[in-house]
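Notes for the one structure printed next.
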Amino acid sequence: MNKYTRHILAASRTVSICAIATLAMLSGSVIAQERQVLDRVIALVDEGVILQSEYDARLQEILQRAEEMDMQLPPPAQLREQVMENLIIESLQLQLAERVGIRFDDDTLNRVMTDMARQNNMTFEQYVDALESQGVYLSTRERIRKELAVNEVQRGMVNRRINITDQEIGNYLNSESGRDAMAPDYLVDQILIPVLATDSPEVERAKEAFANDLRQQIGGGEDFADVRMQAQQAAAAGSARAFAVSGGELGWRKADRLPTLFADIVPDMTTGAVSEPIRSSNGFHLIKLSDVRGDSNRLVKQTEARHVLIAPNEIRTEDQARRLAQEVYERIDGGEDFNIVARQLSDDTQSVVAGGDLGWVSDGGMPPEFAEVVSELDIGELSEPFRTSFGWHVAEVTGRREQDLSREYRRQQATNALRERKFDVELENWMLEIRDEAYVKIIN
């Protein structure tokens, strides 16, 4: 594959949704004019066709992208061949999406267009009006729909081709690049009370006391940034009880990119914590760990529960379901075995064989309306019947624990990173395969 082909594939394999937003606004009038020309079929692709208008629109997109990126394009004949290949492969993917039932409703398209509107500093209504004024509103929605369908097909078909072995995961985690990628990022904020070389010991002690006062204010519930701003305003106003203050967020950094003074402290802090005043050659620092991402410390609260589900259906009314759930509650509360009652009556096909046992579930893993009730139960406590969108439940908590999922989390992160590395190669191989297997006839 020559450099031109790679550029074309990169630019037009699927035009990104962000690019659609720009192209729709910049080239709408050209596309609208071209749609006035009578369409004709220029290629047959398996059970689909490619129209002249589709080719013209795609060519316009590529030319626009090339101009924006200052990208060299191949000669016209070669460019036409590559654009046609791009449309052929896209058509094959869209046909596959249709066969497997991949579809996106209007709400999904509207959410995507809302994001596009925001990128153009518009409201959704303003963006729609702008597209309609250029005659490209419907074509833009269709382009988004195709983009989403193609991405979903690619994700499903390519991921199943990628195999990540345990040895690959271990090698990645033990590699320098893997350790760097797995290291958490810290968002650190700071307040600095400078200490000057000319400051007397009394002034230095006063500044340390001032730093402690600021920390007490933060500990009392005041916002870190607000305390810094108030101190700056007080110093600017000439308050005798305030000293000059500086600081601000350092941005997301790994520990080895933090100032040396902070690097030994921040990894041991909890999110939201504020340090004691730290003395450096510059003065006294207060540091706050605002957030952590990619942290491998995954101590997760889990709940072990079981339930009986009684769902209304074609032969059981809502009232009958409620009364049966009440009967279930009374039988179990009266001493009958939970497992036996669940196996006899529960409508939850996934847990009925296990006597209603849901196993250990991490926080956030239960439906919110179910979790809300279960969270209030003590271990061994039986709930009275309660309603969720699934039906009527009688639930019991059989255990609670904190589970360290750090190893599982790190392995999942490594798997994701390795999958991402392999995805583009497998995607290109898959597209070549479906192209080779397809019936294609170019109509001159």
Side-chain angles (χ1 to χ4, degrees), residues 1-98 134-136 138-154 157-158 424-425 427-444:
M1 183 178 295
N2 62 38
K3 65 178 181 179
Y4 295 124
T5 304
R6 292 188 182 276
H7 285 320
I8 293 299
L9 283 174
S12 66
R13 176 181 295 152
T14 54
V15 178
S16 70
I17 290 174
C18 182
I20 294 171
T22 303
L23 289 165
M25 299 300 293
L26 295 178
S27 61
S29 59
V30 175
I31 296 172
Q33 292 171 7
E34 290 179 346
R35 285 189 177 278
Q36 296 175 5
V37 179
L38 187 63
D39 248 348
R40 68 183 185 92
V41 174
I42 58 174
L44 303 177
V45 182
D46 277 353
E47 299 176 1
V49 299
I50 296 175
L51 301 176
Q52 181 68 49
S53 61
E54 293 177 295
Y55 173 86
D56 293 339
R58 183 60 51 84
L59 179 61
Q60 179 64 30
E61 291 171 0
I62 292 172
L63 294 174
Q64 180 68 48
R65 292 275 284 175
E67 182 178 350
E68 292 173 357
M69 300 169 62
D70 193 24
M71 184 177 71
Q72 182 183 4
L73 292 175
Q78 189 176 351
L79 177 60
R80 175 179 173 78
E81 179 184 348
Q82 292 172 357
V83 173
M84 285 296 298
E85 282 299 309
N86 173 259
L87 289 169
I88 290 167
I89 292 174
E90 182 181 276
S91 176
L92 292 170
Q93 293 176 95
L94 289 172
Q95 290 179 52
L96 178 57
E98 183 68 25
Q134 298 176 39
V136 294
L138 293 178
S139 62
T140 299
R141 286 183 70 89
E142 179 64 10
R143 191 77 182 96
I144 294 169
R145 185 193 65 77
K146 289 182 178 180
E147 168 79 5
L148 293 174
V150 167
N151 286 344
E152 187 68 14
V153 166
Q154 291 177 353
M157 299 302 295
V158 176
D424 285 345
V425 173
L427 174 61
E428 189 167 324
N429 290 338
W430 175 68
M431 289 195 297
L432 290 173
E433 287 177 16
I434 63 173
R435 175 63 177 90
D436 288 343
E437 296 168 359
Y439 168 78
V440 177
K441 180 178 181 180
I442 307 295
I443 302 173
N444 295 323

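When Val440, Val41, Leu87, Ile443 are each tested for a side-chain contact (heavy atoms from CB on, under 4.5 Å) with Ile50, only one passes: Leu87.
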**Request:** Given side-chain contact (heavy atoms from CB on, under 4.5 Å), test Ile442 with Ile88 step by step and report yes or no.
**Result:** CA-CA 10 Å; Ile442 307 295; Ile88 290 167; 4.1 Å; yes
**Request:** Apply the test side-chain contact (heavy atoms from CB on, under 4.5 Å) to residues Ile434 and Gln93: give CA-CA distance (whole Å), side-chain angles for both, the deciding distance (0.1 Å), then the verdict.
**Result:** CA-CA 9 Å; Ile434 63 173; Gln93 293 176 95; 4.1 Å; yes
**Request:** Dump the intermediate steps for side-chain contact (heavy atoms from CB on, under 4.5 Å) on Ile42 and Met84, then the final yes or no.
**Result:** CA-CA 9 Å; Ile42 58 174; Met84 285 296 298; 3.7 Å; yes
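In this structure, Glu54 CD and Arg143 CZ are separated by 9.5 Å, a value rounded to the nearest 0.5 Å. Taking CD1 of Ile144 as the start and OG of Ser139 as the end, the distance is 9.5 Å to the nearest 0.5 Å. Here CD1 of Ile89 is found 9.0 Å from CD of Glu428. Values are rounded to the nearest 0.5 Å. The CG atom of Leu432 sits 9.5 Å away from the CG atom of Leu427 when rounded to the nearest 0.5 Å. Here the OG1-CD distance, from Thr140 to Glu142, works out to 10.5 Å after rounding to the nearest 0.5 Å. From Tyr55, atom OH reaches atom CG of Asp39 across 14.0 Å, with rounding to the nearest 0.5 Å.
Asn151 and Glu147 are linked by a side-chain donor-acceptor pair at a separation below 3.5 angstrom, with hydrogens and angles left out of the test. A donor atom on one side chain and an acceptor atom on the other are not found under 3.5 Å apart for Glu47 and Gln95.
Arg65 is not listed as a side-chain neighbour of Met71, based on a closest heavy-atom distance of 4.5 Å or more. Using a 4.5 Å cut-off on side-chain heavy atoms (C-beta onward), Met157 and Met431 make no contact. Contact of the Gln82 side chain with the Gln78 side chain is registered, since non-hydrogen atoms from C-beta on lie closer than 4.5 Å. Using a 4.5 Å heavy-atom cutoff, the side chains of Leu73 and Ile62 are in contact.
No donor-acceptor pair under 3.5 Å is formed between the side chain of Glu81 and the backbone N or O of Ala77.
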